[in-house]
Each structure stands twice: as structure tokens, then as C-alpha cells.
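Right, one structure below, let's go through it.
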Amino acid sequence: MNLPSSFPLVKHQKLGCGAVNERSRHLVSTMAEPTNTPMPASTPVPASTPRSSSPLQQYSIPSLTPNATTATIPLWPSTTSSPDTATRKPQRPIVLHIGDPIKYNPDTYAEFNAAFEVIRPPTPERERNELIRALKEKRWGHFSAIFRPFWGTGGEMGRWDAELIDLLPSSVKVFASAGAGFDWADTKLLGERGIIYCNSGLAAAEAVADFSVAMIISTFRHLPWCMNAATFPYLTSSSDARSTFRECHARATAASHNPRGHTLGLIGFGNIGQQIAAKMGNPAFGMKIAYYDVVRKPAAVDSELRATFYEKLEGLMKVSDCVVLCTPASADGRPIITAETFGYLRPGTRFVNIARGSLVDEEALADALDSGVVGAAALDVHMDEPSVNERLVRMATGLGFDDRGQHPGRVMLTCHNAGGTVETHVGFEELSMRNILRVVRDGGEAVTPVNLHWLREKKGV
Ligand SMILES: O=CC(=O)O
């Protein structure tokens with residue numbers, strides 16, 4: 001999709017998703033405040049330029065000048081801990097690389113390797129107990145950065161909480177990770193320790209927004225009903241395939257609507273929320289865009305996306321025909337969408353979650369679907385992943401109308417797939433390396449920090 005050349009992601013680049021509740025206000029307003037390094041004025045505007053093979057180029061992150069050749073540098077080293085790292089003085093700053101080796105960006109990795117001594121501990125050293133032992137022994141010396149380029153690996157140690165963070169050497173300046181979400185790390189504590197945490201939401205935003213489009217459409221058109229009716233009878237032979245097909249064909253029409261003219265209520269208006277707005281608003285799907293965030297976006301963003309800001313979550317919920325959650329997990333891990341908040345909705349409102357499962361009380365959602373307050377839902381993320389709420393599964397997979405006459409297939413459930421594309425992962429690697437190069441090698445500002453607020457607070461700025 002061609003975004004306007006002045007697309008707000010470029011002019012007002014924000015960190016990760018937007019923000020929502022009072023509980024998370026402190027943390028989230030960090031993300032919402034304009035603390036990101038502004039892109040240089042000369043940076044080409046992404047949307048009006050042809051797409052390159054690097055997704056980061058479309059986000060206008062300036063290229064780094066290569067200062068190393070791939071000929072002399074191993075691109076996929078499996079460097080393991082070296083016993084003398086703790087005592088000898090490193091020639092280059094040390095970077096602790098957790099997770100899989102780099103796959104997609106050999107040129108940037110060559111540059112990265114030239115700038116840093118990259119240590120990639122093997123999996124056993126990334127398990128929590130062994131990691132704790134290694135940190136206590138200072139096995140990797142005075143490393144300057146932690147680098148996690150993939151979302152699927154590098155999380156073996158579990159959450160980066162006080163137990164791990166307190167063991168980090170004071171030399172650590174930056175922790176750059178794959179992933180838009182950052183609930184796996186206590187970014188406040190990292191900030192208080194003077195460590196910048198950089199997420200990679202910028203690299204995932206397009207994929208997540210695309211997936212959200214599919215989910216929003218699903219809630220208007222009941223895709224699970226249409227798909228299940230065409231296929232399930234053949235799998236289970238429990239019902240007559242031809243009559244199931246005919247029933248869905250005949251009855252889905254009355255329950256289905258075009259999104260055009262309906263109000264899309266976005267909870268969180270960061271990179272992802274803004275991209276969803278750009279895709280679902282005019283001129284594409286023609287939805288009216290409304291949003292709630294703890295910090296109102298600049299007027300230029302609102303006007304570019306024809307978005308109406310609501311100061312209160314309640315206000316947004318009341319006017320929305322489809323509510324989409326696109327905000328980080330609450331700092332305290334508690335849901336913000338509960339029986340009380342579902343109570344603000346008009347009957348039949350659609351609900352989509354592509355953010356974090358912990359944000360939604362799933363039993364309250366199932367109740368709201370039962371009562372018809374929520375007409376259809378689509379969830380990519382779940383409270384207890386990799387398990388999925390069984391009441392919601394029944395609503396996603398049934399073929400018959402329920403006792404209240406509600407049609408089947410009102411829920412779409414997926415496996416936390418929204419951000420999962422090759423392009424996202426190319427971007428995760430590239431962006432994480434650029435963050436570390438900027439901070440540690442160049443002494444500059446991080447590209448996508450999410451916790452500067454806590455660093456500032458610590459320094460009393
Ligand atoms: O959930 C996926 C991510 O945080 O990128």
C-alpha cells in the first residue's frame with residue numbers, strides 16, 4: 001500500500017504501540033512522548049519511494065556506512081564464552097548476543113562484528129539458572145549491550161526481572177531486542193539502571209497491521225463461520241456437508257456488513273494503531289477512525305489519518321462499531337478490558353486483540369459474546385499462550401446456532417501470528433543492530449528506545 005509521502009510514522013515516529021490505562025500511564029507515556037530520535041530531514045520519505053528489499057528502508061532508518069568487509073569477518077560465528085573474557089581488556093566493546101545467529105542481514109552484521117566483540121552463548125548458558133551463574137561469574141566480562149535479534153529464540157531465561165537485571169555489569173548501556181511487545185523485560189528497572197531498552201515494533205508494524213485488517217474484516221463478515229461451514233463437515237462427518245454449506249450461504253448475509261462508514265475504535269495509537277488506521281480508513285476501507293491513548297497524538301497525525309481522539313476509554317468504547325486493542329501490556333500485567341469495559345459497548349460491537357492476551361479478561365469476553373454485547377471477535381493473542389480459552393474455542397468452531405439464536409463462527413482465533421513475516425524478522429535483526437551501533441559505537445541516540453522516561457527520571461532530568 002502506498003502511504004502518503006508525509007505519513008505520520010515518519011514525521012512522528014513513535015515507539016511500539018500506544019497506551020491505555022492509568023495503571024500503565026507512567027510506563028506508556030514514555031512510549032508516547034516524542035523522545036525518539038527524529039529522522040534526519042534529508043531522509044527519504046518511505047512511502048513515496050519504491051519498496052526495497054529491506055523493510056527498514058521503508059521506515060527511513062538511515063543506512064550505516066559499512067566499515068568492514070565480509071571477506072575477513074565470519075558472518076555467522078558461534079562464538080561461545082571464552083574463559084579469559086572476564087579478565088582481559090577487550091579490543092572492542094563486547095555485545096552479548098542471545099538467541100539464533102543472524103540470518104538476513106550479513107552486511108550489517110559484518111559491520112557489527114567489526115565494531116564489537118560478539119559473544120553468543122550456546123543455549124544451555126541462556127537457561128535461567130546457568131545464565132545467573134554466568135552473570136555472577138562475570139563470564140562475559142564487562143559487556144556493553146545485549147542483542148536479541150529474534151523473537152522465537154533468546155528468551156530461554158524467561159523474564160528479565162530484578163533477579164537477572166541486578167546481575168548485569170554496570171557497563172551495559174543498551175538492550176536491543178526483536179519484538180514489538182516488551183513485557184518480557186522490566187523496562188522500568190532497566191531504565192533505572194541506566195540501560196536503554198529498544199524494541200522492534202517499527203519492524204513489525206506493517207505485518208501486524210495487515211493481519212489486523214484481516215481480523216477486522218473477519219468480525220464484519222464472519223469468516224470463521226464461512227470457512228468452517230465449507231470444511232468441517234468433511235473432517236468430522238458429523239453433519240451433512242451440503243446442507244451446512246447451503247445454510248451458511250443463505251444465512252451469513254443477514255449477519256454480515258461492509259466496514260465502510262462504521263467506526264473503528266483503536267485503543268493505542270502508536271506505529272501499529274496508526275498503520276491500521278491508514279489501511280482501514282479512507283480511501284481504502286472507508287472506516288471512520290477513532291482512538292484512545294494516554295497522550296493525544298500531534299494534530300498533524302490526527303488530521304493525516306482523519307482520526308478523532310477520545311480522552312477516555314469509556315468514550316471510545318461507546319462510539320465504536322469495532323474495537324481493536326493495539327497497545328502494550330499493562331505494566332502490572334492486569335487486564336484493561338474487563339466486564340466493566342465491555343459494559344460500555346453497544347450491543348453487537350466487534351472486538352479484535354492483536355496486542356497481548358494479558359490485556360483482556362477472556363471470561364468477560366466470552367460472557368459478552370454470549371450475551372450479544374460483543375457480536376464477533378478475533379484474537380491473535382491469548383491470556384495463557386500457548387493454550388486457548390475453551391469457551392472461545394467452542395464459539396470459534398461450532399457449526400450450529402446457539403440457544404439464543406446466535407450464529408456459529410463468531411470468533412476467529414489465531415496463534416500469535418500477526419507480526420510473523422520474513423520482512424518483520426529481517427527488520428528485527430537490522431533494527432536491533434542499528435540501535436546498538438548508534439548507542440555503543442557512535443555514542444548517539446537509540447533509534448527505538450522505549451524506556452528513556454525511566455532513565456531521565458533516574459538522572460533527575
Ligand atoms: O508479539 C509480537 C511482538 O511483540 O513483536
Side-chain angles (χ1 to χ4, degrees), residues 9 13-20 24 27-28 30-31 55-56 59 98-100 103-104 146-156 158-160 175-187 190 197-215 266-276 324-331 333 335-336 352-360 378-388 412-435 447-451:
L9 286 178
Q13 183 191 11
K14 289 294 179 290
L15 314 174
C17 314
V20 230
S24 59
L27 171 64
V28 170
T30 303
M31 302 169 64
L56 286 180
Y59 298 119
I98 52 176
D100 278 359
K103 274 200 193 107
Y104 301 112
I146 303 175
F147 170 51
R148 181 190 179 188
F150 292 102
W151 198 225
T153 59
E156 297 80 1
R159 191 163 192 272
W160 282 80
F175 190 144
S177 173
F182 42 85
D183 41 337
W184 81 303
D186 185 337
T187 52
L190 284 167
Y197 184 94
C198 301
N199 78 341
S200 298
L202 199 54
E206 175 136 34
V208 176
D210 287 349
F211 207 85
S212 306
V213 169
M215 293 196 128
L266 297 161
I267 300 178
F269 210 48
N271 279 325
I272 293 170
Q274 289 178 32
Q275 287 233 18
I276 296 171
V324 181
L325 254 181
C326 36
T327 187
S330 310
I336 58 165
V352 174
N353 186 6
I354 47 78
R356 280 291 181 267
S358 61
L359 288 164
V360 180
L379 308 179
D380 182 46
V381 286
H382 310 274
M383 176 71 85
D384 188 24
E385 293 179 17
S387 299
V388 179
M412 174 188 256
L413 300 172
T414 53
C415 305
H416 204 139
N417 302 107
T421 64
V422 170
E423 288 77 7
T424 295
H425 280 77
V426 174
F428 279 170
E429 277 185 3
E430 178 84 14
L431 188 53
S432 302
M433 287 189 279
R434 287 183 184 211
N435 269 304
V447 186
T448 52
V450 302
N451 65 345

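Numbering of ligands and ligand atoms starts at 1, following listing order. These numbers were taken from a predicted model, which means no experiment stands behind them.
Annotation for ligand 1: atoms under 4.0 Å from non-hydrogen atoms of His416 are 1 (O), 2 (C). Ligand 1 places these atoms under 4.0 Å from at least one heavy atom of Arg356: 1 (O), 2 (C), 3 (C), 4 (O).
Considering CD of Glu429 and CG of Asp100, their distance stands at 9.5 Å, rounded to 0.5 Å. For the atom pair OG1 (Thr414) and CZ (Phe211), the distance works out to 4.0 Å, reported to the nearest 0.5 Å.
For the pair Gly181 and ligand 1, the shortest N or O to N or O distance falls below 3.5 Å.
The residue Phe182 has no part lying near ligand 1, judged by heavy-atom distances below 4.0 Å.
Of the protein's heavy atoms, Ala180 N, 2.6 Å lies nearest to atom 5 (O) of ligand 1.
Checking side-chain atoms of Asp210 against main-chain N and O of Val213 turns up no donor-acceptor pair under 3.5 Å.
Side-chain contact between Ile98 and Glu156 is absent, with no heavy atoms from C-beta onward closer than 4.5 Å.
Between Phe175 and Trp160, the distance separating the two ring centers is shorter than 6.0 angstrom.
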